Amino acid sequence: MSMKGGCTILLQGKPDGQVRILPAAEVFSIPRTTKRFNFSTLCMKDGQKVRRGTVLALDPSSYSVPLLSPCSGTVTTTKEAGHIRIERDAGRETEPDLADFDFPHAPQSADSKGKIRYSLLRNGAWQFLRDAYTAALPDPAGAPQAVIVSTVNLEPFTARGDVQIRNQISSFTRGLEHLQSLLEYQPIYVVFPKVNSAFAQKVRDSVRGYAWVRLLETSTVYPADDFALIARSLGLRSSTGKGVVWGLRTEGVIAMDRVITAHDSVTTRIIGVGGLGIPHPTHLEAPVGYPLSTIREFCGIQAASRVVSGGVFTGTRIGTEQLGIDSECNGITVIPEPEEREFLSFARPCFAKRSYSRAFASAVLPRFFERFTTALRGENRACISCGYCSEVCPARIVPSAIHKLLYQNNIDEVESFLPGRCIGCGLCSYVCPSKIELAAEIIRVRDTIRQEQSIGKAGH
Amino acid sequence: MKWLLRILEDLHPHFGPHGALRRFGPLFEAIDNFFFSSRVSTPGAPHIRDPIDLKRFMTMVVVGLLPCTAAGIYFFGLRVLAVIIVSYVVGGIAEVFFAIIRKEKINEGFLVTGLIFPLVLPPTLPLWMVALGVLFGVVVGKELFGGTGRNLFNPAIAGRCFLALGYPVAMSSGWVIPGSGLAGRLFQYVSVTTVDAITKATPLGLAKQGTITDILPLFVGNVAGCIGETSGLAIVAGGLFLLWTRVANWRIVVSVLVFSSVLAGALHHVSPHSFAPALWHLGAGGLLFGAFFMATDPVTCPATNAGKWIFGALVGIVTILIRSFSGYVEGVMFAILIGNTVAPLLDEMVYKIQMKRLANEA
């Protein structure tokens, strides 16, 4: 599988291969909003006792995807705005003092596969699935036309697929078999950086005969692991009536195994912690709601740095109002803020600055890992049509043209430039010499168009 | 340089939104960011950015122009420096003036315009004409369209075209016999009154009278002509550097040079006596300079790759047609102006086809 465009940027601060266990926390603060979900329906009262896996809240707009308690303890919903707080019961597992919340049942018409899907939803594994094109949560009542499982996470610094899988290969392959059991005949594409690697062969050997698994090799240039790009290159269309394409990553497959084989619920995540703002980039096994202040201390996050949930290209800034790890977090990236002002920086040879252009002396050096800060590294100017954005765009659209139409307020014309194909990788903003927020602009247009389309569909 | 940084940071509040000198904010910002990189950080995702900015981008073009500038000074004397200084100062003032009036940022694009413009002028052009030309190029060619990035025509060519049409005699005579030897004319100031250094014969002019200049002098640059256009060697050296940095697009250069050579070669093949050979066309006049430094201006050339190929072909072909069949001796300037005019049209056509194909895909 090949990709046009894309760009690999080597950054210092890559998480090592360890997964470290955090010290036990006494208080968990679980954010009620994540990137995709808004857990607006509370299922708990203040002071109620819960155990691990109890449903705390639901998102009614995403098939009632639940927010699960990471431990047993006492719930407080009013103390921290936007969070559900759980104080852990010291030492012992208490019985909940109220009957468990009655989670929506699978529809009567659901077959055995449908019932398993609802059990995945109830126990926190379904939320790892996404529609390959829109990233929305797929309907547990529906079947996909194909499934894409990616074992690579190319965006720095999200949890590495190989680290998540380590010591869990059997869990991963069992998860693939479970996944297959949810489907009729639809293919599962498992994406590897190298199909001939020992790991990929091991996966193939152990699922042979169970799952209809096809191995796919992907380029390791960012963002070749994007589900929409993979689905497009496989010719899986989004607009046909054959159902959506499911996308999920390693952690999702392992989570399915956990729910189906061990009858357990998924309340912890493996997250990558990387970037130059911490001394030892690594991975953490973090329960949902684990206090960020403890993580700051544990990892030694420097004060003058930006903390991002997710990777450097698509992550969102974690503000001071967020207290704990949210249920969708797959990495924490810590980027130092710029401090020094460099004298005549535009005229220096610059051996340490890596650029998409070759306008810096570093272009004559072999590839190296760059130091980086959150600096914009230039001033905002009008677009000069240098063409870098359309060269790197893996979706093959023309960000500069869309920007110019938006600048002219020519919204009707924008749609003919297909902003809907944007996968939100952020590379156009990254390479822009005029420092235009191309990605943010295009994502905004894309989402507006998608919203209008879904309203239009609902209206008919 | 801490002292300078301290001075600038002390001055900063005066030019801020509440300072007494806020009108001159753009000027201060330009000076401040010229000396020290900005401390602004990214507003959101992506949280890190490529180090390239417009200052660096334009600086690369200036670096690419240095070989021909140096060659110009060597062959035509110190007056070249005076022409460059006038161009930068007058054009710079116009740029700052418009930035202050429009309350916008001063654009780095002028770093290039201010140097490219003098390089396409005859070495003895009166300095007031240089000033007038650069003023026209910056004001009418660029600022009236909304500044760098929104201009339709290459500002340097707009300025040159204005002079060529307004002052045809000054723009086509007063050529300097190039210097030679170790020092060239490095220590001479040659103006129109320096009688023994003035000639009327450029390779292009001579060709109209039937004399074809040898290729070697055209390549080295020791022929009469515009300041930065004579030395093929210096142009190609700087131009290749520019292509390598990805600041200029190779498709345009290749397209211009290939199509002009093919047409010139074909004409020469048909009638060797009436038409000059292709290699001569490449070396004479401003074809190389235009191909490497003026046609590649990203703002005024097409943005699409297919558009760039067609644009290059158009520029190359029109240049040779004007040189061979019209009364003008040189056609590069008009060819690029025509190319600039159709560039948005080419883009629109290419986009339409591209997007139709993409929409059918998924």
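Worth saying up front: this structure is predicted, and the values here are computed from it rather than measured. Every chain is numbered from 1, with letters handed out A, B, ... down the list of sequences.
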Salt-bridge present ([X], [Y]; N to O < 4.0 Å):
{"X": "A/Glu340", "Y": "B/Arg39", "result": "no"}
{"X": "A/Lys404", "Y": "B/Asp347", "result": "no"}
{"X": "B/Glu29", "Y": "A/Arg381", "result": "yes"}
{"X": "A/Glu437", "Y": "B/Arg49", "result": "yes"}

Between [options], the one whose heavy-atom pairs under 4.5 Å with chain B are most numerous:
{"options": "A/Gly378, A/Ser345, A/Gly426, A/Ser429", "result": "A/Ser429"}
{"options": "A/Phe360, A/Tyr388, A/Phe372", "result": "A/Phe360"}
{"options": "A/Gly387, A/Ser400, A/Ala363, A/Ala439", "result": "A/Ala363"}
{"options": "A/Glu370, A/Lys353, A/Lys435", "result": "A/Lys435"}

Side chains of B/Phe34 and A/Leu344 in contact at under 4.5 Å (non-hydrogen atoms): yes
Student check: side-chain heavy atoms of A/Arg396 and B/Leu358 closer than 4.5 Å: yes
Under 4.5 Å from a heavy atom of chain A, the part of [X] involved:
{"X": "B/Pro43", "value": "both"}
{"X": "B/Met355", "value": "both"}
{"X": "B/Glu348", "value": "neither"}
{"X": "B/Ile106", "value": "backbone"}
{"X": "B/Glu104", "value": "neither"}
{"X": "B/Leu4", "value": "side chain"}
{"X": "B/Phe57", "value": "side chain"}

Counting only heavy atoms closer than 4.5 Å, note whether [X] contacts chain B via side chain, backbone, both or neither.
{"X": "A/Thr333", "result": "neither"}
{"X": "A/Ile335", "result": "side chain"}
{"X": "A/Ala395", "result": "backbone"}
{"X": "A/Cys386", "result": "both"}
{"X": "A/Leu11", "result": "side chain"}
{"X": "A/Val308", "result": "side chain"}

Do other residues, nucleotides or ligands put more than 12 heavy atoms under 6.0 Å from [X] [atom1]?
{"X": "A/Tyr407", "atom1": "OH", "answer": "no"}
{"X": "B/Arg102", "atom1": "CZ", "answer": "yes"}
{"X": "B/Phe145", "atom1": "CZ", "answer": "yes"}
{"X": "A/Lys4", "atom1": "NZ", "answer": "yes"}

For [X] and [Y], indicate whether the former's side chain and the latter's backbone hold a donor-acceptor pair under 3.5 Å.
{"X": "A/Arg341", "Y": "B/Phe36", "value": "yes"}
{"X": "B/His47", "Y": "A/Gly315", "value": "yes"}
{"X": "A/Arg306", "Y": "B/Thr42", "value": "yes"}
{"X": "A/Arg358", "Y": "B/Trp244", "value": "yes"}
{"X": "B/Arg246", "Y": "A/Tyr356", "value": "yes"}

Going from [atom1] on [X] to [atom2] on [Y], what distance comes out if it is rounded to the nearest 0.5 angstrom?
{"X": "B/Asn305", "Y": "A/Glu391", "atom1": "CG", "atom2": "CD", "result": "7.0 Å"}
{"X": "B/Asp50", "Y": "A/Leu427", "atom1": "CG", "atom2": "CG", "result": "10.5 Å"}
{"X": "A/Glu339", "Y": "B/Ser41", "atom1": "CD", "atom2": "OG", "result": "11.5 Å"}
{"X": "A/Asn380", "Y": "B/Ser38", "atom1": "CG", "atom2": "OG", "result": "10.5 Å"}
{"X": "B/Ile48", "Y": "A/Thr374", "atom1": "CD1", "atom2": "OG1", "result": "10.5 Å"}
{"X": "B/Leu54", "Y": "A/Cys432", "atom1": "CG", "atom2": "SG", "result": "8.0 Å"}

Top contributor to chain A contacts, counting heavy-atom pairs under 4.5 Å, from B/Cys301, B/Pro51, B/Pro46, B/Gly109: B/Pro51
Geometric class of the A/Phe417/B/Tyr351 ring pair [parallel <30°, tilted 30-60°, perpendicular >60°]: perpendicular
Sole candidate of B/Lys55, B/Arg56, B/Lys105 that passes salt bridge (charged side-chain N to carboxylate O under 4.0 Å, His left out) when paired with A/Glu379: B/Lys55
Evaluation steps, side chain to side chain contact (heavy atoms under 4.5 Å, CB included), between B/Ile52 and A/Val431: CA-CA 7 Å; B/Ile52 187 90; A/Val431 297; 5.9 Å; no
